[in-house]
J.: 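Can you read through this structure? Questions will come right after.
Values in this document were obtained by computation on a predicted structure and should not be read as measured data. Labels below follow one simple rule: chain letters A, B, ... track the order of the sequence lines, proteins then strands, and each chain is numbered from 1.
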Number of protein chains: 2
Amino acid sequence: MATIYDVARLAGVSPATVSRVFNGTTVTPENERVVRDAAARLEFVPNRTARTLRRRNSDIIALVIPDIENPYFTALARGVEDEARAAGYSVVLCNTDGDVTRESDYLEVAVSEHMAGVIIAAASDQSDLSPLLSRQKAVVAVDRVPHGAAIDAVTIDNAVGAELATRLLVERGYERIACIAGPDDVETSVARISGWRDALSRAGLRADHDLLEHADYRVEGGSAAMARLLGRTDPPDAVFVANNLMSVGALRVLRDAGIHPPEIGVASFGALPFSTSAPTGVSMVSLPARELGASAARMLLARIRGDRQAPRTLVLEATAID
Amino acid sequence: MATIYDVARLAGVSPATVSRVFNGTTVTPENERVVRDAAARLEFVPNRTARTLRRRNSDIIALVIPDIENPYFTALARGVEDEARAAGYSVVLCNTDGDVTRESDYLEVAVSEHMAGVIIAAASDQSDLSPLLSRQKAVVAVDRVPHGAAIDAVTIDNAVGAELATRLLVERGYERIACIAGPDDVETSVARISGWRDALSRAGLRADHDLLEHADYRVEGGSAAMARLLGRTDPPDAVFVANNLMSVGALRVLRDAGIHPPEIGVASFGALPFSTSAPTGVSMVSLPARELGASAARMLLARIRGDRQAPRTLVLEATAID
DNA sequence: AGCGTTGCAGAAATCGATTTCAGACGCAAG
DNA sequence: CTTGCGTCTGAAATCGATTTCTGCAACGCT
C-alpha cells in the first residue's frame, strides 16, 4: 500500500506537500498536478488510521441500536444515514441486541477509534454513557434517553401516542382494554403504559391490574403475552400493544386461536411492518422513525461542528393511521 | 485521555512494560499489579487508532449490505455478528442502498481503517472489489458474488430454490405462472428466472415472454410489477415472486384489487417478513439467512487467521415451507 | 569458577499521516 | 538597492501504541 512518502518521492516533493494537496491548503498548480499524477499512478489511498491518530478525530459516526431486526430501527438508521452522508460522514451501525455489555463494548470502540460522534438508542435505562461524556464525545440519544443523562435527545411522545392508540379502541366501543407493554426498565415502556392508563381513565374505564402484561418488545414476547391474556378467566375484549413487533406476535396468536380483529380490538404502537393483508380492526399509530434519525443526525452534526448550547430534547409526535 | 505514557510514569515503569501487560507478554507479577493499578486509577483505555497503525490491522469486521430495511439482510447480519463476536471481533454494518458509489466508499473506509476483513453482499454484479483484493484484505462474498471475482463465497442455490417455489404452484394446478424477477444485472435474479423457466418446462408449461416482469427487489417494485401483470389482456393465474419484499408489494396490490390468494397462486422466494395473517395459498421457500451470515463469518475468520486455501464457495439450500 | 541459558525491562525505532516552524523566493514600495 | 510582506516549501516534531534490540541479572550446569 502506497504511502504519502512514496507519492512524495515519485513526485519529487516533500511528504508535507502531498498532504497539503489532499487537504486543500495552498500549493502551486504545477505541484498539485505532479502530486495527483503520482498518487494516481500508485493508487494511493490515504491511511485514515494515521490521519485519525494525528488529528484526534475521524469522520465516522456510530449509530448504536438495540435491535437491528426491528424495522423501526432500520428506518431510523436510514434517516441518520441520509443526513450524515450528505455532510460527508460515513455511518457504521452497531447492534447491541439490547445487551448492556455489548453496548459498552461498542461505545468503547467508538471512543478509542476517535469516531466523530455517536447516536444511540440505548439498550436500557441503565446504559452507561459516561465513557463518551467524560471524553466530551458528541452524543445524541434517540428514541430513549438513559436515566439521568443530560444530553441532546430526539424522542417520541410516548404517552400521547399510547393514549391516542388506546383512544382509538375506546372509540370503537371496546371496554376491557388490556395492555401488552415492554420491559419495565425501559423508559419508553413506562410512558406508554401511562398513556394507556390515561386513555382508560378519561373514558371512565378501569385499568385493571390483570390487564397489564410485560414483555420484551420482540415478536415472541408479544405472542406469549397475548397467550397469557387469552388464558385469563376474564379475557379482555381489546388490547393495546406497545410496539410493532409485539403486535405481530399478538396477531399471530389471535390468528392461530381463530379470533379475528374486529372480534377483539387491537391497537399497535408503531405501524405493522410489511403488512400485506388489511388488518381490519387493527388500529395503529405510526412513528416518524426516519425523521427521528434525521433529526438526531442534524443535532449530532451541529455538536461535531462545535455547537456548545445546553442539551436540547426534541419530541416528535406519533400520528394515527386510519 | 490517559495514554500508555501516563500509566508508565505513574507506575514507575517504561511504556513498553505497560504495553506488555495489556498484551499478555511476560511481566513480573509485581509489575503487572503496579501497572494495572495505575491504569485503573487513570481510567486508561488503549488507543485503538495507534495500535492499528502500528499493527497494521484492527479487530473490526465490516459487513456491507445493500438494503438494511430488508429483513433477509438483517437476519444475515445477526448470523455474522454471533460468530464474529464469539471470536472477539466487533462487527460494523455498512448500508449501501444498492448504490455502487456508496459501496466503494465503504470499501475504501474498510481498507484505510485496516479492518480485519469484509463480508459483502454486493450492490451489483459490477461491484468492484479490487481495492480489497489488491491489498490482500480478507473478503467473503455472501448471497451474491460480483462478476468474475475469485473469492470465498456463501450463496443460496437460487435456481433450485426458484424451481422449488414454482413447482409448488404447478402442483397446485396453476398453468399460467408469471415471474416477478429482480434487476437483470444481478446474478441472483438471473438464476431465479432460470429456475422458474426450468420448473415450467418440466411441467410442460410455457414461459411466455410476457409472463416475465423485472423489478427492483423492493416493495414498491413488486407492487408495480404485479399491477402490470394484472393489467394484461391475458393475465396469469399465478405468480412466482423472486424475493420477499416484492412479494409483500405484490400481495398488497392483489389485496387492493380484491383478489385473494387461492384465487391467484402466489409463491415467494424467501419467507414473508413478519406475516401475521395466514397467507392462505401463498407458497414460500425459506432462506437460511442467518446460517448464510454465520458461515460467511466462519470463512472470513479462517482467512483472517491465515488460511491460504484456494477460494471456496459454499452453497446452501432453500427449503419449502408448508 | 566459568559459561551458557533464560527471563525480564528499557531505549528507541516504527507505523503514516498532519502541522508547526523556519527558510527561500518573488515582488512591490521606499 | 534595500526592506518588507506574502506565498510556498521542506525538515522535523507529533499523535500513541507495538516491537526489536540490547543489556542486565539470576540461575543451572559442568
Side-chain angles (χ1 to χ4, degrees), chain A residues 1-36 38-39 42-60 108-116 131 135-137, chain B residues 1-36 38-39 42-60 108-116 131 135-137:
Chain A
M1 246 173 74
T3 73
I4 208 176
Y5 298 96
D6 302 324
V7 175
R9 197 169 338 116
L10 181 57
V13 300
S14 79
T17 301
V18 177
S19 172
R20 290 194 260 256
V21 168
F22 288 100
N23 287 284
T25 345
T26 45
V27 174
T28 318
E30 165 62 6
N31 266 345
E32 159 133 24
R33 198 184 54 71
V34 180
V35 168
R36 291 208 182 278
L42 295 175
E43 296 185 37
F44 168 71
V45 176
N47 181 324
R48 283 169 182 254
T49 304
R51 161 188 302 207
T52 302
L53 177 59
R54 178 63 228 240
R55 286 223 183 136
R56 301 150 149 277
N57 71 61
S58 79
D59 49 5
I60 295 181
E108 196 176 304
V109 170
V111 168
S112 72
E113 292 275 350
H114 287 289
M115 292 187 180
R135 292 178 178 84
Q136 340 249 38
K137 190 118 302 221
Chain B
M1 245 171 75
T3 74
I4 209 176
Y5 297 96
D6 303 324
V7 175
R9 198 168 338 116
L10 182 57
V13 299
S14 78
T17 300
V18 177
S19 171
R20 290 193 260 255
V21 167
F22 288 100
N23 287 285
T25 344
T26 47
V27 175
T28 315
E30 166 62 7
N31 266 344
E32 159 133 23
R33 197 184 54 70
V34 179
V35 168
R36 290 207 183 277
L42 296 174
E43 296 185 40
F44 168 70
V45 175
N47 180 325
R48 284 169 183 252
T49 305
R51 159 186 302 203
T52 301
L53 177 60
R54 179 63 228 241
R55 288 225 182 132
R56 300 152 149 277
N57 71 59
S58 79
D59 49 5
I60 295 181
E108 196 176 303
V109 170
V111 168
S112 70
E113 292 273 351
H114 288 287
M115 291 187 180
R135 293 178 177 84
Q136 339 249 38
K137 189 117 303 222

J.: Where do A:Ser112 and B:Pro46 come nearest, in terms of heavy atoms and distance?
T.: CB-O, 3.4 Å
J.: So how far is it from A:Leu10 CG to A:Leu42 CG, rounded to the nearest 0.5 Å?
T.: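 If I round to the nearest 0.5 Å, the distance is 5.0 Å.
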J.: Could you pull out all residues at least two apart from B:Val27 that satisfy side-chain contact (heavy atoms from CB on, under 4.5 Å)?
T.: B:Thr17, B:Arg20, B:Val21, B:Asn31
J.: Walking along DNA chain D from 5' to 3', note the first and the last nucleotide with an atom under 4.0 Å from a heavy atom of chain B, and give both.
T.: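 That gives a stretch of D:dG16 to D:dT20.
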J.: So, taking the atom named OG1 in A:Thr52 and the one named CE in A:Met115, what distance separates them when rounded to the nearest 0.5 Å?
T.: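 Output value for this atom pair is 9.5 Å.
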J.: A:Asn23 CG to C:dT20 C1': how many Å, rounded?
T.: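 That distance rounds to 15 Å.
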J.: Would you indicate what A:Thr28 reaches in the nucleic acid, counting non-hydrogen atoms under 4.0 angstrom: base, sugar-phosphate, or nothing?
T.: sugar-phosphate
J.: Output a table of nitrogen or oxygen pairs between the protein and nucleotides 23-28 of chain C separated by less than 3.5 Å.
T.:
none

J.: What are the residues of residues 8-17 of chain B, sorted by number, that bring a heavy atom to within less than 4.0 Å of DNA chain C?
T.: B:Val13, B:Ser14, B:Ala16, B:Thr17
J.: Categorize B:Arg48 for me: base, sugar-phosphate, or nothing, with a 4.0 angstrom heavy-atom threshold over every strand shown.
T.: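 B:Arg48: no heavy atom of the nucleic acid under 4.0 Å.
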J.: I need the B:Arg55 CZ to B:His114 NE2 distance, nearest 0.5 Å.
T.: 13.5 Å
J.: Please name all residues satisfying side-chain contact (heavy atoms from CB on, under 4.5 Å) with A:Arg56, sequence neighbours left out, ordered by chain then number.
T.: none
J.: Please give me the minimum heavy-atom distance between B:Phe44 and B:Ile4, naming the atom from each residue.
T.: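 Shortest heavy-atom separation between B:Phe44 and B:Ile4 comes out as CE1-N, 3.6 Å.
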J.: Taking all non-hydrogen atoms of both residues into account, name the closest pair between A:Ser14 and A:Ala8 and its distance.
T.: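 What the structure gives for the nearest pair is C-CB, 3.7 Å.
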J.: Could you go through A:Val45 and B:Arg135, starting from their C-alpha distance and side-chain angles, then the distance that decides it, and tell me whether this counts as side-chain contact (heavy atoms from CB on, under 4.5 Å)?
T.: CA-CA 11 Å; A:Val45 176; B:Arg135 293 178 177 84; 3.3 Å; yes
J.: Ignoring hydrogens and geometry, is there a side-chain-to-backbone donor-acceptor pair from A:Asp6 to A:Ala2 under 3.5 Å?
T.: no
J.: Mapping B:Val45 and A:Val27 to their closest nucleotides on DNA chain D, which lands nearer the 5' end?
T.: A:Val27
J.: Are B:Arg36 and B:Phe22 in a cation-pi setup, meaning NZ or CZ lies under 6.0 angstrom from the ring centre and within 45 degrees of the ring axis?
T.: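 Here B:Arg36 passes the 6.0 Å and 45° test against B:Phe22.
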J.: Between A:Thr28 (side chain only) and A:Glu30 (backbone N and O only), is there a donor and an acceptor less than 3.5 Å apart?
T.: no
J.: How bent is the helix from C:dA1-D:dT30 to C:dG30-D:dC1, comparing axes over its five end pairs at each side, to the nearest 10°?
T.: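 Inter-axis angle at the ends, rounded: 50°.
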J.: Restricting to non-hydrogen atoms, name the atom on A:Val18 and the atom on A:Val13 that form the minimum distance, rounded to 0.1 Å.
T.: CG2-CG2, 3.9 Å
J.: May I ask you to say what B:Phe22 touches in the nucleic acid, namely base, sugar-phosphate or nothing, with a heavy-atom cut-off under 4.0 Å?
T.: nothing
